[in-house]
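Per chain, numbering begins at 1; letters A, B, ... match sequence-line order. Just the heavy atoms: all of them, side chains too, but no hydrogens, waters or symmetry mates, feed the values below. Since this is a predicted model, take the numbers as computed values, not measurements.
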Number of protein chains: 4
Amino acid sequence: MTERSADRVAAWERRSEIPLLLLAVAFLVAYAWPVLDPTLDAGVEDSLRAVSWTVWVAFVLDVAIRLVLADHRVRYARQHWWDIALVALPMLRPLRLLRLLAFARLLHRSARVNLVGRVGIYVSGTAVAAVGLGAIAVLDAEREAPDATITTFGDAVWWAVTTVSTVGYGDLYPVTTTGRLVATVLMIVGIAVVGTVTATVAAWLIAEVADQPAEPPPTR
Amino acid sequence: MTERSADRVAAWERRSEIPLLLLAVAFLVAYAWPVLDPTLDAGVEDSLRAVSWTVWVAFVLDVAIRLVLADHRVRYARQHWWDIALVALPMLRPLRLLRLLAFARLLHRSARVNLVGRVGIYVSGTAVAAVGLGAIAVLDAEREAPDATITTFGDAVWWAVTTVSTVGYGDLYPVTTTGRLVATVLMIVGIAVVGTVTATVAAWLIAEVADQPAEPPPTR
Amino acid sequence: MTERSADRVAAWERRSEIPLLLLAVAFLVAYAWPVLDPTLDAGVEDSLRAVSWTVWVAFVLDVAIRLVLADHRVRYARQHWWDIALVALPMLRPLRLLRLLAFARLLHRSARVNLVGRVGIYVSGTAVAAVGLGAIAVLDAEREAPDATITTFGDAVWWAVTTVSTVGYGDLYPVTTTGRLVATVLMIVGIAVVGTVTATVAAWLIAEVADQPAEPPPTR
Amino acid sequence: MTERSADRVAAWERRSEIPLLLLAVAFLVAYAWPVLDPTLDAGVEDSLRAVSWTVWVAFVLDVAIRLVLADHRVRYARQHWWDIALVALPMLRPLRLLRLLAFARLLHRSARVNLVGRVGIYVSGTAVAAVGLGAIAVLDAEREAPDATITTFGDAVWWAVTTVSTVGYGDLYPVTTTGRLVATVLMIVGIAVVGTVTATVAAWLIAEVADQPAEPPPTR
């Protein structure tokens, strides 16, 4: 990739970031509303479907423009296979909500808090977002299933909490393939959250220990 | 905030710490007794309710006095939103027990043990307190529910243990919204406990490794 | 405690270590055999009960001798409250098996492997011992219970594995108070095992990173 | 072991690595196919059984050749007891798939990514391989059991995911001894995966903290 081409792609990404983020918020509304309110008016539902498609078109355009601007298209496509998969595969539709991760990037840039504080904000934010979006996505997948146990939004949120924390009581669990995919994503998020909490405590503790005079290891 | 105002607030917090802690213990008794003994005499229950209200009034007064003493009231209120939320929102009532965390602060000040020992005491203390208070709170929430599985204090303690350890057998689980909120708090405590145990072991192990001569990485 | 008294106590502890360990092994046999084979001959069972009582007497004598040898008896008793509780409280009977931890101490002394290898041996040994002893103890507690789900040794081992790993399917779970106490101990062991595995990986990884030239943090 | 003998063993291991890996892939196909398609033609099944036996013979030959080449056969056998156990014990048959770990070694040798990236690839690869192979092995064990809950490949994959993540809903669980052994291996993999994720985050975080100016510990 030449210097100039890389510059052009970066400039486009910078300029398109906020609009794409707003479109992702619109997509969230269009995705979540019919799930949360199944008795929705048909007209409203049509509008929301239109919003959803518009966002998809915008995402496709974004990827296309970046591919056009890049010099080495094949290499660029291979490096950004994730973005392409998200617009090409309809079954990854709920994952388009991952665009909202751009919020984290905005936060990161403007952040003035220290590292441990920032990690805390990320972890809390990720956990809350995962529970919320996971509950919506699993409810969307399970509601119609004949022997589903997750049938209300309250149940879905509760199920998402037990999954992210890896407690997994088993009073509620997904039975559809889509629901189980959502569960798998939630479990991965859960493992990452547990890992990050542990790592933050470890980082603080090790810094404390390094500051102290040496002490004998605990004996039993 | 001027130097003098900050001083006055700090002086008040120092002087009010022990009385508020004793009030929190009284609140714990007034909260837990009717839950543990549902056949309580009506007169005793009335007295306990009076104690509970008195503690609430004292907590409100404490927040009010600190707001009066502070110069920049809005900023102070924003920094201490948690204290205000605890007295303003009746549904956070069980969380007033968090005042008992002041015990940890007292311990911290008088502690002469080393860091690892202190962390061990904190973790054990937090886990035991979380199991005890969580069991009381969940029993309070679930007892009346029609299809509740947690109906005795023994069951509630056992459920709290399986939740804090993130094992979650699922033989018992909360069905009410309040009970599920309590469960969420317990899960967060559980993740923090697991994280702290891990971090303490890591800190000790890394210090050991740093003291040793270099060794080759384990190969498979 | 005077120099001489501390010396005498230490000398006794050194000389009594191996005999007490052998007695603990005998206790394990006397405890586990009737649990694993409920159709045991009455005569054999009586002998095993005699062995169990003999071990208890030996443990009491050991504590008594150490108390006699020590100068400051009250302080010594307070420092070794755990040893005293194990012989004084009959409900802690299964926990007398913890004496077998002396095996770990022997291993530690003769160990020529490096730290990471030693930690690996400890973790595997602890996990296997916890599963085995936990299965025996829970089977002993649950077998008679009317609505128990754990009724064979195979089931008990499987339950112990799901508990130590904090997976907790919930197909099997204890229903008696003693069984739940055993489960709580197993969960604590499980958390410690997970923590130690994590810490060992972390110690190795951090040593690797420290040896490498600096690298940029992973970006998304 | 003399210099020359060690050289000869190493040369053999180097030369036999790729062929043995290909044989392990063939074994995977021969093992997995009949499990995934129980309506398989009898002739095909016979061929697959022949493939399976051929691979076993090749593994036996490999171990035999290495034993012949080594000078101190007993010591070599003791150091490689795992390889010998895998070909000697028919009940460890599913574990012969562990040969596929050689893929990781190939990757390791050709890897140009940094440490954190490599750990990420290992963890993802291990988790995906464990879920896939574990699902096949558990399905093979459970399909015939009278009260099995895991009866289709989709269910087996879902069960493996909940086990590796240590969530363990308990909607599905193995009931046969072989299935429970597979579950135990999956749980150990799960604990290692969680530990490695945590350790990677910790290593990155601690490196970040070390680069920053000192900051006060978080206060409550």
CG on C:D171 to CG on B:D171, rounded to 0.5 Å: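 If I round to the nearest 0.5 Å, the distance is 11.0 Å.
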Any residue of residues 161-170 of chain C which, by heavy atoms, sits under 4.5 Å from chain B: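 Result: C:T163, C:T166, C:V167, C:G168, C:Y169, C:G170.
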Inter-chain contacts: residues 151-159 of chain C against chain B, heavy atoms under 4.5 Å: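 Contacts with chain B: C:W159.
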Please table the atom pairs, donor to acceptor, closer than 3.5 Å between any side-chain atom in residues 124-138 of chain C and protein atoms at least two apart or in another chain.
residue, atom, partner, partner atom, Å
C:S124, OG, C:G120, O, 2.7
C:T126, OG1, C:Y122, O, 2.6

With B:T176 via side chain to side chain donor-acceptor pair (under 3.5 Å) - residues at least two apart: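 Residues passing side chain to side chain donor-acceptor pair (under 3.5 Å) with B:T176: B:E142.
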Choice from C:A183, C:G190, C:P174, C:A192 maximising heavy atom contacts with chain B below 4.5 Å: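 Highest number of pairs under 4.5 Å: C:P174.
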Heavy-atom proximity to chain B below 4.5 Å, by part of C:L172: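 Looking at C:L172, just its backbone touches chain B.
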